[in-house]
Amino acid sequence: MIGRFRVVRQFLRRPLGLTSAVFLVLVIISVALAKLIAPYDPLAQDYSAVLATPNAAHPLGTDQLGRDVLSRLLYGGQVTLIGILEAVVVAVVVGIILGLIAGYLGGPLDTVLSRLTELVMAIPGIVVLLMTYALTGNNAHAGMFVLGVLSVPTIYRVTRGAAAAVRGETFISASRVVGIGRGAIMVRHVLPNVWGPIIVNTAVLAAVTLGIQGGLNYLALGVNPPAPSWGGMVSEAQSSLLQQPWLMVPSGLTIALTIVAFLLIADALRDATDTRSDIPSSAPRQAVVEDSTAPSAAPEGALLAVDRLRVAFNGVRVVQDVRFSVAPGETIGIVGESGSGKTVTASAILDSLDAGASVTGCVWFQGVDLLHAPAHHRRAARGSGIAYISQDPMVALDPSFTVAGQLGELVARHHGLRGAARQRRVLELLDQVGLPDPAGTARRYPHQLSGGMAQRVSIACALAGNPKVLIADEPTTALDVTIQGEILDLLRRLRDDTGMAIVIITHDLGVIADIADRVVVMYAGEVVEQAAVEAVFASPGHPYTRALLAANPIASERGKPLMAIPGTVPRPGSWPTGCHFAVRCPFATEACSAAPIRLEPVANSEDHESRCIRIDEVLRSSRKEVVS
Amino acid sequence: MIKTLGLRLLASLVLLIVVPTVTFFLQAVTPGNVAQSILGIGATPQSVAALDNQLGLDRPVWQRYLDWLAGFFHGDLGTSYITGDSVVRTLSGRLGVSLSLIVGALVVFTIVGVLLGILSTSSSRVWGRLIDVVSTAGIAIPNFWLGVLLIGVFAVQLNLLPATGYVQPSENVGGWIASLVLPVIALAFAGITGVAKQTRDQMLVSLASPYARSLRANGASEASLLFRHALRNASGPIITVIGLIFVGALSGSVVVENIFVLPGLGSQAVQSTAQRDLPVIQGIAVYFTIIVVVVNVVIDVVNTILNPKARAS
Ligand code: SF4
């Protein structure tokens with residue numbers, strides 16, 4: 001439950017919302033006090049002063065019958081504001097009750113109510129309103145009541161959605177166990193949790209209702225001229241448009257400003273109650289690349305090399321001091337629990353970090369630092385230098401296009417092939433990834449493919465540009481165990497056939513054992529160990545790797561996610577100064593927590609690095625275990 | 001696929017029965033005497049009773065409802081209380097005017113809304129702000145005020161377009177278009193907001209999706225991601241929203257026709273309301289509902305064609 005006072009405080013902190021609220025209160029007070037403050041009778045005509053522009057006697061001028069515009073505006077506001085109140089109250093009360101019932105109870109009642117509201121939304125409301133006015137002799141209250149009923153779906157939908165969302169939450173289930181009645185639960189527990197979106201939408205509804213009601217009053221519906229109303233005054237202004245255009249301003253602007261006030265209040269409430277949608281607020285923006293202090297040189301012999309990579313999201317570091325390199329044709333496995341920074345590292349290489357990320361360091365590819373290279377260099381590398389396959393093949397293909405449609409696009413882009421040549425290449429690629437019926441598959445849509453087939457198609461898409469490196473982010477996690485093996489076999493065969501290197505990201509030690517030449521172990525945003533796969537499995541050079549292997553004795557068995565080891569990974573933003581693993585490390589000493597630990601070569605091994613100051617003790621005890 | 005469409009069509013046709021039923025229901029529950037209000041306060045009880053009898057209002061509502069339904073299925077919508085003319089004849093000449101206005105507005109808010117939505121998808125902050133301003137203005141400047149402002153500026157001040165009135169396309173196509181420009185803008189304005197927002201939101205969802213990430217990483221161009229993939233995937237939800245906005249625009253057309261004095265269904269509706277001419281209002285309800293049903297069906301068909309999953313099933 002959101003603390004009400006916090007919301008009020010939050011709301012008062014938004015200048016636009018606060019200004020709007022003050023404006024609205026002023027409008028309401030002056031309209032309510034029209035009798036006291038209006039300078040004239042709204043119906044009093046003065047033929048000596050028709051169509052006057054604002055002057056001392058008439059602050060907003062006069063209309064074609066010499067009536068005072070300000071007075072008419074004040075009195076006219078009463079019809080308007082009372083009408084909005086009536087319509088909104090009806091919509092909110094009925095909408096909340098039905099929404100709570102449907103959202104909280106669910107079941108057939110929910111279905112019926114939801115269908116009914118859909119029906120109401122499909123009815124052109126104006127005809128029902130006209131009928132009401134015709135039958136009731138132009139009765140304003142009847143019209144607003146019906147308008148309220150027609151607006152019920154708006155409030156119903158948000159209430160239902162919010163109520164359904166909190167239904168499953170633990171405190172609700174707990175109340176149910178305790179034996180509190182359903183009605184009481186809805187009023188006492190569900191309602192306080194859904195009122196955020198409801199009040200936001202009520203403010204929007206008030207704005208919309210004002211517009212509709214103004215239109216009805218313009219048509220002299222729900223108001224009987226010469227009685228004043230805001231909408232009616234626009235109509236009067238229209239009839240003297242030629243003689244006095246000024247008349248359009250006071251009434252129209254009052255309506256517009258009042259609507260804007262409602263909308264801004266809604267906006268401020270949305271911020272204050274934290275009712276945000278999960279739709280991204282802007283397009284994916286480029287991550288910011290910061291200059292690294294000392295540019296390194298392109299490493300010799302490496303196809304792809306990551307050096308001193310550091311990534312922060314909104315100031316919180318999630319990856320730091322990551323370095324590793326990939327030789328042509330080599331397969332590197334990056335292993336770590338979730339939150340270790342392995343996927344962020346891949347995104348940095350692929351230049352697909354989300355907005356709000358800032359990157360330092362270097363990503364060398366074929367002698368060019370992609371991070372600092374001009375945009376066209378990075379574009380050129382995509383697909384034809386570095387390619388990518390993602391975790392869940394079922395969402396990695398565009399659902400609106402056939403396999404040929406999307407694969408063909410990439411083929412055309414990389415090789416400029418068109419027509420039959422393009423189609424031929426598409427079929428070749430599909431054949432290359434081991435799909436039994438390339439022509440048939442090409443015609444299919446993603447939803448017509450199995451997970452394994454979809455992953456093969458994804459791989460074909462990645463191969464379209466003949467890449468030098470393939471980044472595979474958990475390529476088998478979403479698949480059945482049998483299919484996993486097939487996909488790994490395929491990757492191995494493609495590597496051997498095409499000579500491309502593979503960087504495979506996984507939390508599955510079995511996958512590493514199966515396919516990788518070398519392994520990079522990540523923990524809490526850092527590389528903690530890297531070496532040839534056999535070396536790591538035989539004598540792990542870091543207590544974390546050791547713990548992983550100990551917890552997963554049959555490491556060569558694929559399909560098992562990492563077994564948990566005691567303790568939790570420190571979250572980004574709360575990393576310790578010294579070794580990130582210290583709290584969970586059986587070898588930890590005071591020195592470990594004193595200062596950052598560097599990634600250093602393990603004694604007498606060129607290609608083995610570890611981030612541990614007690615590496616000798618660790619290795620000795622590993623050996624002891626092997627011996628015993 | 002045919003079956004799904006058929007079911008949807010059936011659901012739409014339900015509307016055709018629902019709307020007249022609702023209006024008859026209103027007759028049953030609202031107090032007040034129609035004959036009395038047609039004749040005015042000074043009418044004698046005798047003349048009220050005579051008119052009641054003449055219009056058939058002395059019979060119970062449910063009986064009138066069944067009679068009306070029987071006629072409805074034969075294409076007869078009754079006769080006007082005021083003129084005694086057949087409702088169908090009164091309205092059929094006006095349908096074209098309303099359709100010109102409404103379809104014109106549909107085209108305008110769709111095109112402008114989608115374009116604005118695409119522009120505001122770009123990462124530039126200026127365009128992002130623009131859509132906020134447009135969406136506020138779309139609600140804050142209601143059609144009746146916008147209509148009068150447009151007349152004030154383009155007809156009265158600049159003398160570019162006619163202030164009011166309608167020209168039949170058979171008489172003069174140029175004049176027809178000129179007579180529709182301002183009304184169409186006034187009616188379309190409110191709809192632009194919704195279309196633009198939906199376009200932007202759905203395209204951003206698509207651009208943030210895993211397939212967009214994969215396509216981009218494997219070399220698809222930004223232009224293709226935006227126009228080929230994101231727009232294509234957003235099109236279904238956009239069209240659905242257009243359907244909802246269209247229903248609102250129908251209501252708006254009643255106001256706009258009156259601003260610009262267009263002889264369509266909407267101006268007839270307001271006149272008949274003032275005259276308590278129930279059969280004509282009822283008839284307009286039917287016409288409007290048919291328009292909604294037709295649009296719903298078109299939307300369903302287009303959505304089915306656009307959505308490979310729906311097409312296959
Ligand atoms: S540095 Fe210390 S705490 Fe960290 S892994 Fe090595 S022994 Fe454990």
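All chains are named by letter (A, B, ...) in the order of the sequence lines, taking the proteins before the strands, and each is independently numbered beginning at 1. Not measured: the values here are computed from a predicted model. Because only heavy atoms are used, hydrogens play no part in the values below, and waters and symmetry mates are left out as well, while side chains stay in.
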Taking side chain as everything from C-beta outward and backbone as N, CA, C, O, which of these in [X] sits under 4.5 Å from a heavy atom of chain B? Side chain, backbone, both or neither.
X         : answer
Ser384(A) : neither
Pro245(A) : side chain
Tyr133(A) : both
Leu253(A) : both
Pro446(A) : neither

Do you know which of [options] has the most heavy-atom pairs with chain B at a distance under 4.5 angstrom?
options                                    : answer
Ser390(A), Ala462(A), Ala381(A)            : Ala462(A)
Leu263(A), Thr258(A), Ile126(A), Ile123(A) : Ile126(A)
Ser347(A), Gly231(A), Ser458(A)            : Ser347(A)
Gly214(A), Ala256(A), Ser400(A), Ala387(A) : Ser400(A)
Gly405(A), Ala134(A), Pro467(A)            : Ala134(A)
Leu257(A), Leu219(A), Val128(A), Thr132(A) : Leu219(A)

* Where on Asn233(B) is there a heavy atom nearer than 4.5 Å to chain A: the side chain, the backbone, both, or neither? -> both
* To do: Sort Gln157(B) into side chain, backbone, both or neither according to what part of it lies under 4.5 angstrom from a heavy atom of chain A.
  =>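 The side chain, not the backbone.
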* Taking all non-hydrogen atoms of both residues, which atom of Val286(B) and which atom of Pro20(B) are closest, and how far apart? -> CG2-CG, 4.4 Å
* Going by distance alone, is a donor N or O of one side chain under 3.5 Å from an acceptor N or O of the other, for Gln406(A) and Tyr211(B)? ->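 Result is no, nothing qualifies.
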* Will you find, in the side chains of Gln213(A) and Thr209(A), an N or O donor that is under 3.5 Å from an N or O acceptor? ->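 Checked: Gln213(A)/Thr209(A) side chains show no N/O donor-acceptor pair below 3.5 Å.
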* Whether Gln198(B) side chain and Val241(B) backbone form a donor-acceptor pair below 3.5 Å ->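 Such a contact is absent between Gln198(B) side chain and Val241(B) backbone.
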* With side-chain hydrogen bond (donor to acceptor under 3.5 Å, both in side chains) as the test, would you mind laying out the steps for Ser206(B) and Arg232(B) before giving the verdict? => CA-CA 9 Å; Ser206(B) 174; Arg232(B) 178 72 169 67; over 6 Å; no
* Asked: Is the CZ atom of Arg157(A) crowded by more than 12 outside heavy atoms at less than 6.0 Å?
  -> no
* Asked: Looking at Ile139(B), Leu146(B), Leu250(B), which makes the most heavy-atom pairs under 4.5 Å with chain A?
  ->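 Max contact count across the listed options: Ile139(B).
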* May I ask you to decide whether Glu222(B) forms a salt bridge with Arg378(A), counting only side-chain N to carboxylate O separations under 4.0 Å? =>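 Arg378(A) and Glu222(B): not salt-bridged.
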